[in-house]
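Whatever order the structure lists ligands and atoms in, that order sets their numbers, starting from 1. Position 1 is the first residue of the sequence; numbering continues from there.
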Amino acid sequence: MPSVVIVYHSGYGHTKVVAEHVHRGVASVAGVTAHIVSVDELPAPGADRSLGGQWPLLTQADCIVFGAPTYMGGPSAKFKEFADRTSGLWFKQQWKDKLAAGFSNSGNLSGDKLSTLQYMSLLAAQHGMIWISLGMLPGNPHDPATPNRVGSNLGLMSQSDQASPDVTPGPGDRETARLFGVRIGELTKRFKS
Ligand SMILES: Cc1cc2nc3c(=O)[nH]c(=O)nc-3n(C[C@H](O)[C@H](O)[C@H](O)COP(=O)(O)O)c2cc1C
């Protein structure tokens, strides 16, 4: 069965909520398996370069979705640490021709999330992966309930206030994440067939 793995880092839980909604969208597509993995479950390679933890899930996946908060204008250090740990896989081009996509959450509406998405798409390109864009027309920026209110294209952008992840990011961003998951699941299925 086609499989999608969502790999994310979240320092304070907001990006985790977004990851869960992307996961929900992917899982709703019949005939597609969806997994969600925190970068904390992906340990550094062993002395023999072997990869333990949940790394085999990524090796087997048809699509890997990257998720990180934007910290200081780029992906969080923990996400970058995960990315650096893929260099052995890059060397053998073991992720070549898998599908890839990305999302980022930040405190400001822009918050320079584009930089994080650009980094993720470059990471995918280094691995020879095929990038899935957001594929949604811009929503109404004055109505936070509409999907893609931020007007992103390269990937999913969401915004959270300084409050609990129970309430922020808001329902529009959560729905955008779910719809993005549906798109990713459907494209993975089509790609595999
Ligand atoms: C170290 C650090 C750097 C941050 N840098 C940015 C930034 O560049 N742009 C922005 O909009 N928000 C920034 N923020 C706010 C976070 O992006 C925001 O709180 C986000 O929701 C955190 O996601 P998380 O709960 O998944 O960690 C920063 C937060 C931290 C802790």
Side-chain angles (χ1 to χ4, degrees), residues 4-27 34-44 53-55 57-58 61 63-86 100-124 132-134 136 138-181 183-184:
V4 176
V5 180
I6 296 136
V7 183
Y8 74 94
H9 169 247
S10 182
Y12 305 92
H14 301 91
T15 311
K16 182 177 183 205
V17 167
V18 182
E20 287 167 349
H21 281 76
V22 175
H23 178 254
R24 188 175 301 171
V26 175
H35 301 276
I36 184 165
V37 173
S38 158
V39 294
D40 298 329
E41 299 172 87
L42 301 168
Q54 294 285 38
W55 282 105
L57 265 186
L58 276 66
C63 176
I64 301 174
V65 185
F66 304 123
T70 293
Y71 287 173
M72 303 315 293
S76 59
K78 278 271 192 185
F79 182 87
K80 186 60 168 64
E81 181 182 55
F82 149 74
D84 291 356
R85 287 177 178 173
T86 68
F103 60 92
S104 183
N105 184 79
S106 81
N108 296 303
L109 197 53
S110 160
D112 298 318
K113 286 186 278 281
L114 182 59
S115 166
T116 301
L117 293 179
Q118 284 173 330
Y119 172 72
M120 289 170 174
S121 62
L122 266 179
L123 173 67
I132 300 174
S133 64
L134 184 65
M136 259 175 243
N140 178 355
H142 305 293
D143 178 4
T146 59
N148 196 19
R149 69 181 168 119
V150 184
S152 180
N153 294 289
L154 189 59
L156 166 64
M157 293 184 184
S158 57
Q159 179 269 331
S160 57
D161 300 325
Q162 279 194 340
S164 161
D166 291 342
V167 293
T168 185
D173 286 2
R174 291 173 195 231
E175 176 63 0
T176 310
R178 187 191 68 78
L179 292 170
F180 190 37
R183 169 172 165 80
I184 290 165

- Residues in side-chain contact (heavy atoms from CB on, under 4.5 Å) with Thr146, at least two apart? Asn140, Asp143, Arg149
- How about Ser121 and Leu123: do any of their side-chain heavy atoms sit closer than 4.5 Å? no
- Message: Using the side-chain contact (heavy atoms from CB on, under 4.5 Å) criterion, which residues pair with Ala124? Sequence neighbours excluded.
- Response: Phe66, Ala100, Met129, Trp131
- Query: Taking only residues at least two apart or on different chains, which pairs with a member in residues 104-120 satisfy side chain to side chain donor-acceptor pair (under 3.5 Å)?
  - Reply: Thr70-Ser104, Thr70-Thr116, Asn105-Ser158, Asn105-Ser160, Ser106-Lys113
- Those residues with a heavy-atom separation under 4.0 Å from ligand 1 are Ser10, Gly11, Tyr12, Gly13, His14, Thr15, Pro69, Thr70, Tyr71, Met72, Gly73, Asn105, Ser106, Gly107, Asn108, Gly111, Ser160
- Should the ring pair Tyr71 and Tyr12 be called parallel, tilted or perpendicular, given that the plane angle runs from 0 to 90° and is split at 30 and 60? tilted
- Item | Flag, side chain of Gln159 to backbone of Gly107, donor-acceptor distance under 3.5 Å | yes
